[in-house]
Asker: 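My questions all concern the structure below.
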Protein chains: 2
Amino acid sequence: MPRPTTAPIGVVLARTAKTAGRAFDQALAAAGGSQPVWQILISLKTTPVANQRELADAVGIQGATLTHHLNGMETAGLVTRRRDPANRRVHLVELTDDGEQLFHRLATAAIAHDQRMRRGLTDTEIAQLADLLHRLAANVTDD
Amino acid sequence: MPRPTTAPIGVVLARTAKTAGRAFDQALAAAGGSQPVWQILISLKTTPVANQRELADAVGIQGATLTHHLNGMETAGLVTRRRDPANRRVHLVELTDDGEQLFHRLATAAIAHDQRMRRGLTDTEIAQLADLLHRLAANVTDD
DNA sequence: TATTGTTATACTCTATAACTATA
DNA sequence: TATAGTTATAGAGTATAACAATA
C-alpha cells in the first residue's frame, strides 16, 4: 500500500524560491538594486548591529563576502565606512543620503512584489505559510 | 490603525529557501552531487523530454547553461550524448550506469533531507505548504 | 594572542551572443 | 531560413586562506 506520494517538499520549495527569487531580482534591478544590497540595507535600517561580523550574520553571508558588497556600495556612494573611535578595529557602516533613497526605492519595489505574490491568498494563509516555513527552516538549522 | 505588520512573505521565503538550499547543497555534496546535477538527473529519470531545450526548461535554465552542466556530467561519465538518427540535430542524453548510481545516491540523500525538513509537520501541513507555495509561484509566473 | 576587517584568489551557477550542424 | 545545440565570454554571488590593523 504505497503512501500517497507527496512531491518532496524540498523540491517544491526550491522551485518556488527560484521562481519567486528571479521575479524579485527583476523587481529590485528595475529599482536599481539587487538582493544582497537589499538585504544589507534592510539589516542596516532595522537591526542594531555592533560590527560587520554581526551584519554579515544578519544577512547570512561570510565577512569577506560582506566586504565585497560593501566595497561596491561604498563606490556607488550608498554607504560610508569609518573606524569606531571607541574601538578602532570596528568599522562603522552608515547609510548616505543616496543609500537612504535607494532603501526607500527598494522598499517600495519589495512591497509591490510582496503584494503581487500575495494575490489570492488571505492574511491567515500568509501567516500559516510563514509559520510553516519557519518550522521547516528550524529543522535544517544546526543550533 | 496600522495593519499588523506581517513580515514580507518574500523575505521569509527567500530566507527559508537560502537556509534549506544550503543544507540541501551540503547533503548532495556529501553524496557526490550538486543541485543542478540532481535537477538534471531527476528530470532525465522522471520527465519524458524530446530534446535538450525541453530538458533545460524542465530544470529552469537556459540551453547554454544546460550544455555547461552536461559537459561536466559527460566528463564525469554520468551521461552520454549521441545524435538522434531520426533527426541528427537532436542530441539524445542518456544516463550511464555511473549516472544511474549517482541518481540513486542523490535520491537517498534527498529523501533523508526531506524527512529531516518535515520533522514536526503533519502530512496535512506539508500538503498545505505545497499548495500555498504553488499559488505564490503562480502569482509571479508570467503566462 | 585574539579580534575585526580586507585582500587575493577562485569556484559555481547563470546568462547572452555568435557560431556550427542539420533540416 | 529555421531549429538544435555548442563555444566563447562574462558577470554575480559566494567562499577560503592569508594578511594587516588594532586591542
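Every chain is numbered from 1, with letters handed out A, B, ... down the list of sequences.
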Asker: Quick one, Lys45(B) with Glu100(B), criterion side chain to side chain contact (heavy atoms under 4.5 Å, CB included). Give me CA distance, side-chain angles, the key distance, then yes/no.
Answerer: CA-CA 9 Å; Lys45(B) 287 290 284 188; Glu100(B) 294 276 354; 2.7 Å; yes
Asker: Provide, to the nearest angstrom, the distance between the CG atom belonging to Asp25(A) and the P atom belonging to dG11(D).
Answerer: 17 Å
Asker: Rounded to whole angstrom units, what separation is found between the CG atom of Leu28(A) and the C1' atom of dA12(D)?
Answerer: 14 Å
Asker: Which of these nucleotides, dT14(C), dT14(D), dT4(C), is closest to any side-chain atom of Val90(A)?
Answerer: dT4(C)
Asker: Measure CZ/Arg89(B) against C1'/dT22(C) and give the value in whole Å, please.
Answerer: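 The answer, rounded to whole Å, is 6 Å.
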Asker: Near DNA chain D, which residues from residues 51-83 of chain A have a heavy atom under 4.0 Å away?
Answerer: Ile61(A), Gln62(A), Ala64(A), Thr65(A), His68(A), His69(A), Arg83(A)
Asker: The test is salt bridge (charged side-chain N to carboxylate O under 4.0 Å, His left out); show your working for Glu125(A) and Arg118(A) and say whether it passes.
Answerer: CA-CA 9 Å; Glu125(A) 285 175 325; Arg118(A) 297 167 74 126; over 6 Å; no
Asker: Kindly say if Ser34(B) contacts the phosphate of dT12(C), meaning a side-chain N or O under 4.0 Å from OP1 or OP2.
Answerer: no
Asker: Taking for each residue the nucleotide of DNA chain C with the nearest heavy atom, is it Asn87(A) or Lys18(A) whose nucleotide lies nearer the 5' end?
Answerer: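 The answer here is Asn87(A).
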Asker: For a side chain to side chain contact (heavy atoms under 4.5 Å, CB included) check, start with the C-alpha distance between Leu70(B) and Gln52(B), then their side-chain angles and the critical distance, and finish with the verdict.
Answerer: CA-CA 10 Å; Leu70(B) 289 179; Gln52(B) 287 189 198; 3.7 Å; yes
Asker: Taking NE2 from His91(B) and C1' from dA23(C), how many angstroms apart are they, rounded to a whole number?
Answerer: 13 Å
Asker: Where each residue is assigned the nucleotide of DNA chain D containing its nearest heavy atom, which of Gln35(A) and Ala86(A) is assigned the position nearer the 5′ end?
Answerer: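 Nearest nucleotide further toward 5': that of Gln35(A).
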Asker: Would you list the atom pairs, donor with acceptor, under 3.5 Å between side chains in residues 9-19 of chain B and any protein atom, with sequence neighbours excluded?
Answerer:
unit_1, atom_1, unit_2, atom_2, d
Thr16(B), OG1, Val12(B), O, 2.8
Lys18(B), NZ, Val59(A), O, 3.4
Thr19(B), OG1, Arg15(B), O, 3.0

Asker: Please tell me if Arg88(B) has a side-chain N or O lying less than 4.0 Å from either OP1 or OP2 of dT22(C).
Answerer: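 Result: yes.
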Asker: Check the surroundings of atom CZ in Arg53(A): do more than 12 heavy atoms from other residues, nucleotides or ligands lie under 6.0 Å from it?
Answerer: no
Asker: Would you please test Val79(A) and Leu44(A) for side chain to side chain contact (heavy atoms under 4.5 Å, CB included) and show each step?
Answerer: CA-CA 10 Å; Val79(A) 298; Leu44(A) 286 174; 4.2 Å; yes
Asker: Return no unless some side-chain N or O of Arg22(B) is found under 4.0 Å from OP1 or OP2 of dG13(D).
Answerer: no
